[in-house]
Amino acid sequence: MGMDREARLSWLGTGRAYEGRSGAGDPAMTIDGDGARGPSPMDTLLLGVAACMGIDIQEILRKSRVPLEELDFVVRGSRAEDHPRRYTRIGLDVVLSGPRPEDSARVERAVELSRDKYCSALNSLRSDIRITTRIRYRTPAAAPGAP
């Protein structure tokens with residue numbers, strides 16, 4: 001099998017806010033369906049795609065010896081009006097400084113490679129992903145003095 005990952009998410013008990021973490025010792029993050037205590041799940045998805053592409057682009061440019069001083073993204077998503085209200089379009093503006101004018105072809109290639117081949121987050125949105133679910137119930141704690 002591939003590189004398995006596990007993440008855990010827990011409802012914070014009020015509203016639509018959850019706290020999650022992945023891996024051992026990773027910092028926790030808050031995801032909030034109301035957007036009050038953290039980004040919403042759908043905004044988190046957009047941020048994940050942008051961050052994934054950023055890491056790819058940064059690494060590809062480093063290997064290509066293209067100087068990079070700043071790398072920012074503006075990411076926009078258009079959602080369907082009907083449920084499941086999925087993204088029907090995602091657009092990214094890649095804003096950077098450092099590359100010289102003669103590096104523009106390598107910058108364009110780095111963005112294309114990330115988008116089309118390397119960005120795991122973006123490619124996880126493909127329709128052929130297999131999703132399974134399982135329901136488990138917590139067993140209530142036994143009452144004191146119960147057998």
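- Around CZ of R79, the count of heavy atoms belonging to other residues, nucleotides or ligands within 6.0 Å exceeds 12.
- Sorted by first then second residue, the side chain to side chain donor-acceptor pair (under 3.5 Å) pairs that include residues 24-33, not counting sequence neighbours, are S22-D26.
- Using a 4.5 Å heavy-atom threshold, the side chains of F73 and V94 count as touching.
- With sequence neighbours left out, I31 forms a side chain to side chain contact (heavy atoms under 4.5 Å, CB included) with M29, P41, T44.
- Heavy atoms only, all atoms of each residue included: R16 and G33 are closest at NH2-O, 2.7 Å.
- Interatomic distance, Y87 OH to L45 CG, rounded to the nearest 0.5 Å: 6.5 Å.
- Atom CG of D82 has 12 or fewer heavy atoms from other residues, nucleotides or ligands within 6.0 Å.
- Criterion: ILVMFWY side-chain heavy atoms under 4.5 Å apart, direct or through other members. Under it, V49 and L47 are not part of a common hydrophobic cluster.
- Here the CE atom belonging to M53 is positioned 10.0 Å from the CG atom belonging to L113, to the nearest 0.5 angstrom.
- The 12-atom threshold is not exceeded at CZ of R126, counting heavy atoms of other residues, nucleotides or ligands nearer than 6.0 Å.
- D72 has its side chain out of reach of L96: every pair of non-hydrogen atoms, C-beta onward, lies at least 4.5 Å apart.
- With R106 contributing its side chain and S64 its backbone, the two residues share a donor-acceptor pair below 3.5 Å.
- To the nearest 0.5 Å, the span separating CZ on R136 from OG1 on T139 amounts to 10.5 Å.
- A distance of 8.5 Å separates SG in C119 from CD1 in I57, rounded to the nearest 0.5 Å.
- In terms of hydrophobic clustering, with Ile, Leu, Val, Met, Phe, Trp and Tyr side chains grouped at heavy-atom distances under 4.5 Å, V111 and I90 are assigned to a common cluster.
- Distance alone, capped at 3.5 Å, places no donor-acceptor pair between the S78 side chain and the T88 backbone.
- Using modelled atom types and a 3.5 Å distance limit, the side chains of S10 and E19 yield no donor-acceptor pair.
- Separating the CZ atom in R21 from the CG atom in L9 is a distance of 11.5 Å, to the nearest 0.5 Å.
- Nearest heavy-atom pair, R37 versus L12, reported as atom, atom and distance to 0.1 Å: NH2-CD1, 3.6 Å.
- Tracing side-chain contacts under 4.5 Å through hydrophobic residues (I, L, V, M, F, W, Y), one never reaches I60 starting from L92; they form parts of separate clusters.
- Residue pairs meeting the side chain to side chain donor-acceptor pair (under 3.5 Å) criterion with at least one partner in residues 107-124, sequence neighbours excluded, are D56-S114.
- I55 and L68 are not part of a single hydrophobic cluster, where members link through side-chain heavy atoms under 4.5 Å apart.
- Both L122 and L71 are members of a single hydrophobic cluster when ILVMFWY side chains are connected at heavy-atom separations under 4.5 Å.
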